[in-house]
Amino acid sequence: MSTETAQQPQKKKKFTFPSALTVLAVVTIAVWLLAFLIPSGQYDRNDAGAPVEGTYHRVPSGQSFVDRLNDLFLSPVNGLYGIQDAKTSLVGPDNSGDLYGSAGVFLFVLAIGAFITVVFATGALDRGIGLLAHRLRSRGALLIAGVMVVFSVLGTVEGFAEETLGFYGLIVPLMLALGYDRMTAVGAIILGAGVGVLCSTVNPFATGVASSAADISLGDGIVLRFVMWVVLTAVTVAYVIRYARRVQKNPERSLSGFLPGDRETSAAAEAEVPELTRLHQAVLVVTALVFAFMIFSVVPWASALTGDADATPYGFELGWSFPQLAALFLCAAVLVGLVARMGEQKISSTIIQGAADFVSPALVILLARGVTVIMNNSKITDTVLHAIEGVVKGTSSGIFAIIVFVVNLPLAFLIPSTSGHATLAMPILAPLADFAGVSRAVVVTAWEAASGWMNLWVPTTAVTIGGVALAKVGYDRYLRFVWPLLALLFILICAFVALGAAFT
């Protein structure tokens, strides 16, 4: 080794935010340690199992150190299929009683992962979006609106986010060819999908997991979320179009600037996009019908149409939950593969690959559920709930809903996984809604809005950092572009959750 080489300074390793699995592993150990310090206690329960306000009292946990150590060791297992004993309320894999673990949600995530992967493997969705963008290439505002609305629809029904990274190679050249800049493309893609996820109506990874943890139906609160989605999507689309027109009129006002060659029409923007074949069209129709049927199957139609939460369900209501939905998406994955003529071998391998790709968020769910098992068995869940009850006690329903939204903002940053955040927070937040006289569905809506709002800009999400990198736009410039919209969305979200709480 030469002296010159030896004297070269070593490059410092760049800090990377830990994965959701690592964060939750740390949270698990931290909660386990805190359980030794937090007093154990509990509320009296009503017939529905909900805590009764004002009945909190201290009780001994009855756990030895070995019992607590065993809970820590078995927390992931209990998070998957722990059974809650009807008499002692303790959770364990060998108990008799009701399922406390998240096995149903775990399998549902794997099933929808298999379905989404099969749909993308057909090329129908990519080609459909590409064809839409190409046909609108001569009408700039309509192109922006069309792309953003499609992304927003996909975001609100199935959490379309990371999948957007594959569209920068198409959308960026199109925007440049129309006289816009790279920031316009970034806004159309990140904000289009992001506002859909923020206003998730039936997104299984946000609304689904949170509803399950809050012990309510996936369809509860869908009317509020739908109206919120329409309004916030319209505002976001208008914001991006306004910026795009300003840049088109005066390129010097671009926040991203232009790279060499940006001002010339890109050949990629003029290249023909292959037409949709009949097979592709059939796949898109089947996909739309599957998601439409999912919405139909989970919505409590009588409650939604009458406004009475206790209305007798109509005869046509299915009242499906995660077991039925998991079966639906597994069958739908096979159906899409058959429609696309993928063949038995490819259908099987794609389903397996899709389930494998979604093991990570599924594991996050069971790890987060394992944390709640530790809190339950050490009897500190009600103690934490009682402490928060004291903070929100006496506030109006609208203020309570806004507090839930604000409190979840830092939690969304610390726990970057939407599913993990929901599973961890909902067992505490949902009973608070009962104390405040607010529907648990409003708490779910406020929670997912906080998670979605943060994911529009935080640097810990692959969607944001990966998107600006692919578009060759500085992250600092993106923050300058998006902060006025973030402020506007913040105000609108607070208004929606407050109104939602007031009308429940």
Side-chain angles (χ1 to χ4, degrees), residues 119-120 123-156 158-198 233 236-248 251 254-276 280 284 455-457 461-475 477-478 481-482 485:
V119 171
F120 271 100
L125 192 57
D126 291 14
R127 188 173 292 192
I129 295 174
L131 184 61
L132 171 70
H134 186 74
R135 288 186 173 177
L136 296 177
R137 66 191 185 279
S138 60
R139 289 170 282 182
L142 195 57
L143 169 62
I144 296 171
V147 169
M148 292 186 71
V149 169
V150 169
F151 282 175
S152 183
V153 169
L154 293 172
T156 194
E158 61 100 341
F160 192 79
E162 285 84 357
E163 296 87 347
T164 59
L165 296 177
F167 291 96
Y168 282 88
L170 171 68
I171 303 300
V172 170
L174 279 171
M175 295 301 177
L176 292 175
L178 292 170
Y180 305 132
D181 63 353
R182 293 173 178 267
M183 190 68 77
T184 304
V186 169
I189 298 173
I190 294 179
L191 299 180
V195 75
V197 175
L198 186 157
T233 297
T236 305
V237 170
Y239 181 84
V240 176
I241 290 177
R242 178 176 176 272
Y243 170 82
R245 284 176 169 167
R246 188 176 65 190
V247 171
Q248 190 179 42
S254 169
L255 292 177
S256 62
F258 295 90
L259 298 177
D262 280 358
R263 305 302 298 275
E264 291 84 27
T265 301
S266 173
E270 298 298 324
E272 285 294 328
V273 176
E275 292 288 330
L276 287 173
H280 289 136
L284 291 177
N455 285 334
L456 289 177
W457 66 272
T461 61
V463 176
T464 300
I465 291 298
V468 297
L470 287 170
K472 298 180 181 178
V473 169
Y475 176 67
R477 294 175 180 267
Y478 172 72
F481 163 73
V482 79
L485 176 65

### Query
CD of Q248 to CD1 of I241: how many Å apart, nearest 0.5 Å?
11.5 Å
### Message
Within the structure provided, determine whether L284 and L276 are in side-chain contact (heavy-atom separation under 4.5 Å).
### Response
yes
### Query
How long is the gap from CZ on R246 to CG on D181, to the nearest 0.5 Å?
9.5 Å
### Query
Where do M175 and A188 come nearest, in terms of heavy atoms and distance?
CE-CB, 4.2 Å
#### Entry: Nearest atoms (heavy-atom pairs only) where F258 meets P251
CE1-O, 3.5 Å
### Query
Side chains of L176 and R182: does their closest heavy-atom pair fall under 4.5 Å?
yes
### Query
Backbone N or O of V153 within a donor-acceptor pair of the T156 side chain at under 3.5 Å?
no
### Task
Look up atom NE2 in H280 and atom CG in L131, then write down how far apart they are to the nearest 0.5 Å.
11.0 Å
### Task
Please tell me if the side chains of Y239 and F481 come closer than 4.5 Å, counting only heavy atoms from C-beta onward.
yes
### Task
Taking all heavy atoms of P173 and all of Y168, pick out the closest pair and write down the distance.
CD-O, 3.7 Å
### Query
Among I171, V463, L470, which residue meets the side-chain contact (heavy atoms from CB on, under 4.5 Å) test with I189?
I171
### Y478 side chain to G467 backbone, donor-acceptor under 3.5 Å
no
### Task
May I have the step-by-step check of side chain to side chain contact (heavy atoms under 4.5 Å, CB included) for L143 and L174, ending in yes or no?
CA-CA 9 Å; L143 169 62; L174 279 171; 4.3 Å; yes
### Summary
One should read off an interatomic distance between I190 CD1 and T464 OG1, to the nearest 0.5 angstrom, of 5.0 Å
### Task
Considering non-hydrogen atoms only, spot the tightest contact between L456 and G194 and give its length.
CD2-CA, 3.6 Å
### Interatomic spacing from OH in Y475 to CD1 in I465 - rounded to 0.5 Å
5.5 Å
#### Entry: Nearest heavy atoms of L255 and R477, plus distance in Å
O-NH1, 2.8 Å
### Message
Side chains of Y180 and V240, heavy atoms from C-beta outward: is any pair under 4.5 Å?
### Response
no
### Query
Going from OG1 on T236 to CG on L198, what distance comes out if it is rounded to the nearest 0.5 angstrom?
8.0 Å
### Task
Specify the closest pair of heavy atoms between V172 and A471, including all atoms of both residues, with the distance to one decimal.
CG2-CB, 4.3 Å
### Task
Let me see the working for L485 and W457 under side chain to side chain contact (heavy atoms under 4.5 Å, CB included), right down to the final yes or no.
CA-CA 11 Å; L485 176 65; W457 66 272; over 6 Å; no
### Query
Is the closest side-chain heavy-atom distance between F167 and D126 below 4.5 Å?
yes
